[in-house]
Amino acid sequence: MKEKRPILIDAPRVGRSIEPLCGWYQKHARKLPWRQTNDSYAIWVSEVMLQQTRVEAVIPYYERFMTALPTIEALAEVDDDVLLKLWEGLGYYSRARNLKKAAQICAVQYGGRLPGSYTELLKLPGFGPYTAGAVASIAWNLPVPAVDGNVMRVISRITALEHDIKDPATVRAVRELLCGVIEASEPGILNQALMELGACICVPNGAPRCHECPVSAHCAARENGQTELFPVKAPKKQRRIEEKTVIVVCVDDGVLLCKRESKGLLANLYSFLCEDGHLTKETVIDICKQHGITVESVSEMKPAKHIFTHIEWHMIGYLVQGTGKTLPYENDIIAARHQIRTAYSIPRAFASYQKEIGLL
DNA sequence: AACTCGGGGCC
DNA sequence: GGCCCAGAGTT
């Protein structure tokens with residue numbers, strides 16, 4: 001049984017930290033692309049990309065995305081495959097789908113702009129408490145918190161918070177605490193300063209760089225020599241293992257691709273034939289026939305492993321040479337190699353097999 | 001409250 | 001190999 005305790009946070013320490021923190025931010029903030037604009041759409045796109053994704057990974061995606069889709073109207077009208085191709089490799093692809101959905105709502109209901117309050121933002125798909133708070137505070141300087149993993153870690157250390165920072169109740173408590181102090185500051189600066197400190201100084205893995213920290217004098221974990229004890233994290237959950245058989249079918253100059261289902265893992269992305277279980281060569285030939293392929297030869301490919309957050313795929317692969325004129329499944333296509341590179345979004349799980357046939 | 005949903009860069 | 005990242009949606 002998990003003990004339930006009231007969540008008490010040392011608010012005065014947070015209050016004392018704000019001034020030095022914001023001062024530090026204005027001197028030391030990294031010059032990131034989305035910090036060079038006041039465009040709420042650009043800030044929105046960046047915040048969605050940054051969900052569960054590191055800054056360095058986002059930068060090239062962000063630049064490419066904003067060039068291709070510079071306005072909400074452009075996003076609202078973009079073809080789904082083009083959108084997914086822009087997102088290919090970023091992961092959590094429902095973020096892209098919700099981004100477009102929300103853009104369409106903005107186009108129809110709000111005259112092509114984001115609605116201008118935290119509460120209205122929160123109603124849009126893809127906007128949770130963090131993203132709504134981030135856009136409202138950074139783009140419009142509205143006094144609402146934006147609590148992400150960085151902020152939780154920073155507050156956890158400053159206040160020596162004994163509760164699991166992943167627990168939604170703890171996140172709510174931190175959000176409410178910040179609601180009480182954010183009025184007395186520049187909301188956009190404060191929120192970004194908390195995140196910047198978490199990303200650059202009060203780091204997640206490895207020792208925090210307390211000697212460079214503008215708040216070290218106010219930090220409870222630092223005072224007690226307990227920076228390693230915070231943040232408190234819940235025990236990890238276990239991943240399940242799934243066996244898969246990847247079948248790469250080459251037909252003339254093309255490769256067989258299958259559009260994945262519209263729900264679930266890697267929804268709407270393209271892949272090679274991918275079946276449950278580790279199948280034999282004979283079964284593979286049978287499956288190829290079902291897909292309208294006349295098999296000429298089959299060879300084994302390298303086994304591969306791909307790790308998702310909650311699943312581990314153990315893949316074996318077969319390379320099939322064949323011919324096929326009619327494809328009975330409507331989600332199957334024969335794609336030319338250059339099309340695969342430029343038009344079809346293929347998740348990283350299949351990278352090993354893309355490389356093996358020279359497609360990556 | 002617990003699960004689902006990607007991928008990569010550190011340690 | 002594990003960790004966690006400028007989280008949100010579904011059940």
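Sequence lines set the chain letters: A, B, ... in the order given, protein chains first and strands last, and positions in each chain run from 1. Computed from heavy atoms alone, side chains included, the values below leave out hydrogens, waters and symmetry copies.
The listed nucleotides are C:dC5, B:dT4, C:dA8; the one nearest the side chain of A:Lys237 is B:dT4. Minimum atom distance to the side chain of A:Asn98 is reached by C:dG9, of the listed C:dG9, C:dA6, B:dG7. For A:Lys236, counting side-chain heavy atoms from C-beta on, the closest listed nucleotide (B:dG6, B:dG7, C:dG2) is C:dG2. The side chain of A:Arg95 approaches B:dG6 more closely than any other nucleotide in the set B:dG6, B:dC5, C:dC4. For A:Asn150, taking side-chain heavy atoms from C-beta onward, the closest of the listed nucleotides B:dC5, C:dG7, C:dC5 is C:dC5. Of the candidate nucleotides C:dC4, C:dA6, B:dG8, B:dG8 has the atom lying nearest to any side-chain atom of A:Arg348. Side-chain atoms of A:Lys166 lie closest to C:dC5 of the nucleotides C:dC5, C:dA6, B:dG8. Side chain of A:His306, nearest nucleotide from B:dG7, B:dG6, C:dA8: B:dG7. Across C:dC3, B:dG7, B:dT4, the shortest atom-to-atom separation from the side chain of A:Tyr93 is found for B:dG7.
Among the atoms of the strands shown, only primed sugar atoms or phosphate atoms (P, OP1, OP2) are found under 4.0 Å from some heavy atom of A:Phe308. Among the atoms of the strands shown, none is found under 4.0 Å from any heavy atom of A:Ser94. Here A:Gly206 lies out of heavy-atom contact (under 4.0 Å) with every strand. Across all strands, A:Pro168 comes closer than 4.0 Å to no nucleic acid atom at all (heavy-atom distances).
In summary, of the residues considered (A:Tyr270, A:Tyr93, A:Tyr344), a side-chain contact (heavy atoms from CB on, under 4.5 Å) with A:Leu84 occurs for A:Tyr93 alone.
Residues from residues 169-187 of chain A with heavy atoms under 4.0 angstrom of DNA chain B: there are none. Proximity of residues 17-43 of chain A to DNA chain B (heavy atom under 4.0 angstrom from any strand atom) is not detected for any residue.
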For residues 66-75 of chain A, which side-chain N or O atoms pair as donor and acceptor with protein atoms under 3.5 Å away, sequence neighbours left out?
residue : atom : partner : partner atom : Å
A:Thr67 : OG1  : A:Glu63 : O            : 2.9
A:Thr71 : OG1  : A:Ala74 : N            : 3.1

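Using a cutoff of 4.0 Å between basic side-chain nitrogens and carboxylate oxygens, A:Asp164 and A:Lys233 are not scored as salt-bridged.
Nearest heavy-atom pair, A:Pro187 versus A:Asn141, reported as atom, atom and distance to 0.1 Å: CD-OD1, 3.2 Å.
Enclosure of atom CD in A:Gln339 by more than 12 non-hydrogen atoms of other residues, nucleotides or ligands within 6.0 angstrom is indicated. For A:Asn38, the CG atom counts as loosely surrounded, since its 6.0 Å shell holds 12 or fewer non-hydrogen atoms of other residues, nucleotides or ligands.
The aromatic rings of A:Phe308 and A:Trp313 lie perpendicular to each other, with more than 60° between the two planes, well past the 30° mark.
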